[in-house]
Amino acid sequence: MNGKVLVTGGGGYIGSHCVLELLEAGYTPVVIDNFHNAIRGANNIPESLQRVQEIVGKTIEFEEVDMLDRVALDKLFNKHKFSAVLHLAGLKAVGESVQKPLLYYKVNLTGTIQLLEVMNSHGVKNIVFSSSATVYGDPSYLPIDESHPVGGCTNPYGKTKYFIEEMIKDQCKAETDWCAILLRYFNPIGAHVSGKIGEDPQGIPNNLMPYVSQVAVGRREFLNVFGNDYNTPDGTGVRDYIHIVDLAKGHIAALKKLETTSGCKVYNLGTGTGYSVLEMVKAMEKASGKKIQHKIAPRREGDIATCYADPALAKAELGWKAEYGLDRMCEDLWRWQSENPTGFSTGS
């Protein structure tokens, strides 16, 4: 693909790893972020991207832009000639979405509509969208393939992902020169092998593994395990965890696919293996050599028992599959957390 690739939300956990892989694959990313979930580093660039620059020895073009700022988006598209967009920006905490649904609908839906409109008016018609396995809701069968019914989402966050998928599908139907790939992520964890970038949630982590690693490093006293009465082997929730670097490489495979495909395609990015919360705690204890204290707490609203992918389609059509197993995920997560006990910020 000639031209630049716009990465929205590129200062975040998934974004920064995708930007690194884009650079290593020879693409020219232009990154926007509003610092909602990114630490500001030197020169007003996210600290995560400062470190990506160090790792790859290249400079990243970055602009502070909010998806809700239509004028800023227009200006950005006037300034750069984009061949494609990787759309990752959005609010993403399941629990918070249950408490603040309007905020999630406003940011995720309005932001995406504006992005699609601006893309259309500037003739940029290739997009890879960061979707989620939450669009499947409570699975009616396992493993979950791409033809599994969608839309029975158990929380507003999942609904925003589903609605955006539908918008993009409809746009591709209406204008046949649009090409889109919807990537349904399962549960990304781990970190780049350098230990320089990783997941750094602001405030109390909403996802399991950052919380587990913060307990291991001594930042938090114990882990709350939400529910031990699910219909799973040990009663705790089972999820398909995927190494963040594998996930990021899936985006490179998707961008390459855009060059030879048309219309809208959907792919799961997962490993096909499910692990329970307690199995993840054990794996992190092994990687860190630390005892991870945990307590059983009531189930969280919007959580489901079991969810894991059938990743066969991505292998067949994108030539992509997850390479890294659970031990590697936890080793890389522990390297990041132990070398950066307070994440990208210097305070606690």
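- Between Q293 and L223, every side-chain heavy-atom pair lies at or beyond the 4.5 Å cut-off.
- One finds no salt bridge joining D246 and K249 here, because no Lys/Arg side-chain nitrogen approaches an Asp/Glu carboxylate oxygen to under 4.0 Å.
- You'll find the side chain of V19 reaches within 4.5 Å of the side chain of I60, heavy atoms only.
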*Starting from the C-alpha separation in whole Å, work towards a yes-or-no answer on side-chain contact (heavy atoms from CB on, under 4.5 Å) for V150 and R184.*
CA-CA 11 Å; V150 290; R184 292 177 181 158; 3.7 Å; yes
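- Of all non-hydrogen atoms in L23 and V52, the two that sit nearest each other are CD1-CG1, 4.0 Å.
- Y211 is not connected to F226 by any chain of hydrophobic side-chain contacts under 4.5 Å among Ile, Leu, Val, Met, Phe, Trp and Tyr, and they are in different clusters.
- A salt bridge does not link R328 with E323: none of the charged nitrogens is closer than 4.0 Å to a carboxylate oxygen.
- Under 3.5 Å, the side chains of N126 and W178 contain no donor-acceptor pair of N or O atoms.
- Look at E285 and K290 and you find no salt bridge, because none of the NZ, NE, NH1 or NH2 atoms lies under 4.0 Å from a carboxylate O.
- In this structure, the side chains of W334 and V217 come closer than 4.5 Å at one or more pairs of heavy atoms.
- Under 4.0 Å is where a charged nitrogen must lie from a carboxylate oxygen, and between E146 and K265 no such pair does.
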*Go through K196 and E339 one step at a time and tell me if the salt bridge (Lys or Arg N to Asp or Glu O under 4.0 Å) criterion holds.*
CA-CA 8 Å; K196 287 181 184 288; E339 291 178 11; over 6 Å; no
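- The NE2 atom of H243 lies 3.5 Å from the CG atom of D332; values are rounded to the nearest 0.5 Å.
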*Please walk me through it: do F344 and W336 pass ring pair (Phe, Tyr, Trp, His ring centres under 6.0 Å)?*
CA-CA 10 Å; F344 288 116; W336 151 253; 4.9 Å; yes
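- For the 3.5 Å distance criterion, the side chains of N228 and T236 fail to qualify, holding no donor opposite an acceptor.
- Residues H122 and D74 form a side-chain contact, since some pair of their non-hydrogen atoms from C-beta on lies under 4.5 Å apart.
- By the neighbour-count criterion of 12 heavy atoms within 6.0 Å, atom NZ of K315 is sparsely surrounded, having that number or fewer from other residues, nucleotides or ligands.
- Taking the six-membered ring for Trp, Y241 and F186 have ring centres at least 6.0 Å apart.
- In this structure, the side chains of W320 and L269 come closer than 4.5 Å at one or more pairs of heavy atoms.
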*salt bridge (Lys or Arg N to Asp or Glu O under 4.0 Å) between R40 and E64, intermediate numbers included*: CA-CA 10 Å; R40 199 179 292 273; E64 184 175 350; 2.9 Å; yes
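- Classification of E61 and K4 as a salt-bridged pair holds, one side-chain N sitting under 4.0 Å from a carboxylate O.
- A side-chain donor-acceptor contact under 3.5 Å links H192 to the backbone of S194.
- Taking the side chain as every heavy atom from C-beta outward, S140 and P149 approach each other to under 4.5 Å.
- In this structure, the side chain of E199 does not engage the main chain of A191 through any donor-acceptor pair within 3.5 Å.
- Looking only at atom types and distance, the side chain of Y230 has no donor-acceptor partner in the side chain of D234 under 3.5 Å away.
- Within the 3.5 Å criterion, the main-chain N or O of G190 finds no donor-acceptor partner in the side chain of Y324.
- Checking side-chain atoms of D33 against main-chain N and O of G11 turns up a donor-acceptor pair under 3.5 Å.
- Remark: the backbone N or O of L91 is paired with a side-chain donor or acceptor of N108 at under 3.5 angstrom.
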*Show your working on ring pair (Phe, Tyr, Trp, His ring centres under 6.0 Å) between F62 and F35 and close with a plain yes or no.*
CA-CA 12 Å; F62 173 80; F35 290 97; 5.7 Å; yes
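- Partners of E331 under the side chain to side chain donor-acceptor pair (under 3.5 Å) rule, at least two apart in sequence or in another chain, do not exist in this structure.
- For the 3.5 Å distance criterion, the side chains of Q114 and R70 fail to qualify, holding no donor opposite an acceptor.
- Side-chain contact check for M119 versus K125: every heavy-atom pair is 4.5 Å or farther apart.
- Once rounded to the nearest 0.5 Å, the distance linking CD of E63 with CG of N44 reads 12.0 Å.
- Note that the NZ atom of K75 and the CG atom of L73 stand 12.0 Å from one another [nearest 0.5 Å].
- Between H87 and V128, every side-chain heavy-atom pair lies at or beyond the 4.5 Å cut-off.
- Without hydrogens or angle criteria, T176 side chain to K173 main chain gives no donor-acceptor distance under 3.5 Å.
- Taking the six-membered ring for Trp and the full ring otherwise, H294 and F222 have centroids separated by 6.0 Å or more.
- Salt-bridge check for E54 with R51: failed, with every basic side-chain N at 4.0 Å or more from each acidic carboxylate O.
- Between the side chain of E47 and the backbone N or O of I45, no donor-acceptor pair lies under 3.5 Å.
- Listed for the T261 side chain is no donor-acceptor partner under 3.5 Å among the backbone atoms of K257.
- T8 contributes atom OG1, which lies 6.5 Å from atom CG of L115 (distance to the nearest 0.5 angstrom).
- Remark: N78 CG is packed, more than 12 non-hydrogen atoms of other residues, nucleotides or ligands lying under 6.0 Å away.
- Between the N34 side chain and the V65 main chain, no donor and acceptor come within less than 3.5 Å of each other.
- Between the side chains of Y104 and E96, at least one donor N or O lies within less than 3.5 Å of an accepting N or O.
- Under the 3.5 Å distance criterion, with hydrogens and angles disregarded, no donor-acceptor pair is assigned to the side chains of D310 and H148.
- Between the side chain of R299 and the backbone N or O of D229 there is at least one donor-acceptor pair closer than 3.5 Å.
- For S130, the side-chain contact (heavy atoms from CB on, under 4.5 Å) partners at least two apart in sequence or on another chain are L88, K161, Y185.
- Atom CD of E221 is surrounded by 12 or fewer heavy atoms from other residues, nucleotides or ligands within 6.0 Å.
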